[in-house]
Amino acid sequence: MMGILKKTKYWVFTFVILVVISAIEGQANSQAKELEIVETILKNKNSFFYIDAENYPRPDRRLPIGVFDSGTGGLTVLDAIIKLDQYDNKKHRFRNNGDGLMDFNEEYFIYLGDQANMPYGNYPRQNKADLLREHVIKDVQFLLANKYYPDGNASRYKTDKQPVKIIVIACNTATAYGKEEIRRFMDKAGLEIKVIGVIDAGVRAALALFGVDESGTVGVMATAATVGSGGYVKTLHAQKKAMNYTGNIAVFQQAGIGLAGAIDGSDEYIDSGAALPRKEYRGPSGAGTKTAVTGGKHSDAEIDLTILPRYGFAWGKNEMLFNGKAGSPENLQINSIKNYISYHLVSLMEKIRKKPEAGKMKAIILGCTHYPFYKELLQKKLEELYNYRKKGEYLYRPFMARDIVLIDPALNTAKELYQCLASSDLFNDESPNRSEFYVSVPNQLNHRIQVNSSGGFTYNYKYGREAGFIQEYVKRVPFSKKTISPEALHRLSQKVPPVFNLIANFNHNNSKTAFLRKDEKIDFPN
């Protein structure tokens, strides 16, 4: 008997050791894979991505502030930064009404939108979080480096871009999945460059709406990846505990599948020229009585046809694509930003409504930098839901505060940036240069890439790549009318005019490559 027990213990012990070794090896391999781009950047002098970290300028007040996002959504964060006036610019002290001067008046910026690889929110859903982190590190590499291509057709890059003195991650998904990776990269590079993300800022703004013993609900609308990371939920509970809040504050999240992509005009989610359901569509879908075009394989979000009237979809101008009749649609697809907003807000309220113990929702954190572009539409839809009745009874009002606050984390991010520059003595003391704006486009000289008829990466290629194969998938090029759609230009001119003016004045080396000259007009779509 004792022999059997000894043998059993031996095999159990051996099994445990093997499991531990396997786990350690797996973790080491994972880390090695994640760090491969870092090793390339810091050690491979023959690589396009190489940076001479040892000779990086530090600290230098005259350098610009770097800001990056997966697309143009991060421009809402930049807009909040350049409009901030809550400090005394001479003493760098908080002053509620400001001093009449914009707090970043002497600063200039370098902005990157990784448009070719967006939306970032889909990578974790496709089990490609490591590829997402690689993209994020490449975004940082661009901000630190001096290279860019003058246009998408150029075979040679230019080297007159400035490095940066601080970095703002103007993307919730990149913050959730990449902020710690960036910190490790900076440590390994020996660079004392601070990095600011947007998640903490949004949570602080939400908690400020509650008394220390008050209960209620906070909604979070974000990309699927940000929701999946649990970043907002974890941060809210951690800050709630640290600030000694005693009330029961529930958090309900809604993954905004397709919304950011639709705002940036990604043809996987929206096509203004389409009249019928599309095979390449990846947004929320409803099958009806037939098998949907998406076949249930391309979308994790379902339009619940049993509550179709609650969504309040707009059906004109091909804003919804479907077969059959509007009253009983088949192969239903969303094809307007307004309808994406309707779908996701109703889906969020349905989650809350099914939890009777939930308190009234006081705020929604807009956990994607694209969403603040459409605050007015979001607010209007919330008003409709507040007044929505079924059989004479208010369906959602018992779960909604009368005036739900839409929280844009950008303002708090701008404040954190100001405080960081002040504490590090990094405010520019010279006249600033012009701000610069770049986007990524598919690198047509890389024969491995696969593009669709619109010139963007195919969905399968975009999310089918593996991390660790270090190559130039994209080129980083200046904003231009070739790289930014007329719809996006119109949105920027209307929603963030100060940023649009900076973009319009963007000009490299005083050449004639200005994005938009003052005497030049753009034919915006109606």
Side-chain angles (χ1 to χ4, degrees), residues 67-80 82 109-121 139 151-152 170-171 173 223 256 258-274 282-283 317 319 334-341 366 368-378 408 410 435-442 451-457 462 474-506 513-517 520-526:
V67 182
F68 78 90
D69 180 36
S70 62
T72 61
L75 293 171
T76 61
V77 177
L78 182 55
D79 185 63
I82 64 177
F109 306 87
I110 291 183
Y111 181 89
L112 170 65
D114 190 14
Q115 187 172 260
N117 291 312
M118 74 89 63
Y120 278 3
D139 294 337
D151 59 65
C171 174
T173 302
T223 66
L259 180 52
I263 291 172
D264 254 351
S266 173
D267 56 11
E268 296 148 6
Y269 302 104
I270 195 167
D271 181 354
S272 58
R282 305 279 170 164
K317 300 180 180 179
E319 292 177 271
I334 298 173
N335 201 40
S336 75
I337 293 169
K338 179 180 179 181
N339 284 341
Y340 271 103
I341 287 172
L366 302 181
C368 174
T369 52
H370 289 70
Y371 300 171
F373 282 127
Y374 290 92
K375 260 188 169 182
E376 292 180 6
L377 270 180
L378 287 158
D408 178 1
S435 295
E436 302 176 8
F437 298 82
Y438 301 86
V439 292
S440 63
V441 297
V451 296
N452 56 30
S453 58
S454 301
F457 291 142
K462 186 185 297 185
V474 302
K475 292 178 180 178
R476 277 62 176 260
V477 302
F479 271 40
S480 73
K481 288 182 290 185
K482 291 182 179 179
T483 58
I484 306 296
S485 69
E487 291 85 359
L489 290 177
H490 184 237
R491 183 181 73 241
L492 295 174
S493 70
Q494 298 297 307
K495 303 293 185 181
V496 288
V499 171
F500 182 79
N501 289 335
L502 289 182
I503 299 171
N505 291 325
F506 174 35
T513 59
F515 171 73
L516 177 67
R517 293 184 293 277
E520 188 176 5
K521 295 182 180 180
I522 292 179
D523 293 326
F524 292 126
N526 294 326

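As the structure is a computational prediction, the values presented were derived from the model and not from experiment. Computation of the quantities below employed the complete heavy-atom set of this structure, encompassing side-chain atoms and omitting hydrogens, waters and symmetry-equivalent molecules.
Taking the six-membered ring for Trp and thresholds of 30 and 60 degrees, Y111 and F437 have ring planes inclined between 30 and 60 degrees apart.
The backbone N or O of E319 sits less than 3.5 Å from a side-chain atom of N339, completing a donor-acceptor pair. Using modelled atom types, one side-chain atom of N335 and one backbone atom of D271 make a donor-acceptor pair closer than 3.5 Å. Formation of a donor-acceptor pair under 3.5 Å by the S70 side chain with backbone atoms of M118 is not found in this model.
Here D79 pairs with K83 under the salt bridge (Lys or Arg N to Asp or Glu O under 4.0 Å) rule; sequence neighbours left out. Residues satisfying the side chain to side chain contact (heavy atoms under 4.5 Å, CB included) test with K482, not counting sequence neighbours, are S480. In terms of the salt bridge (Lys or Arg N to Asp or Glu O under 4.0 Å) criterion, K475 has no residue partners (sequence neighbours excluded).
Looking at heavy atoms from C-beta onward, Y269 lies out of side-chain contact with D264 at the 4.5 angstrom threshold. Using a 4.5 Å cut-off on side-chain heavy atoms (C-beta onward), I503 and L492 make contact.
With Y374 as the aromatic partner, K495 meets the cation-pi criteria of under 6.0 angstrom to the ring centre and within 45 degrees of the ring axis.
Rounding to the nearest 0.5 Å places CG of L75 at 11.5 Å from CZ of F500.
There is no side-chain donor-acceptor pair under 3.5 Å between R282 and S266.
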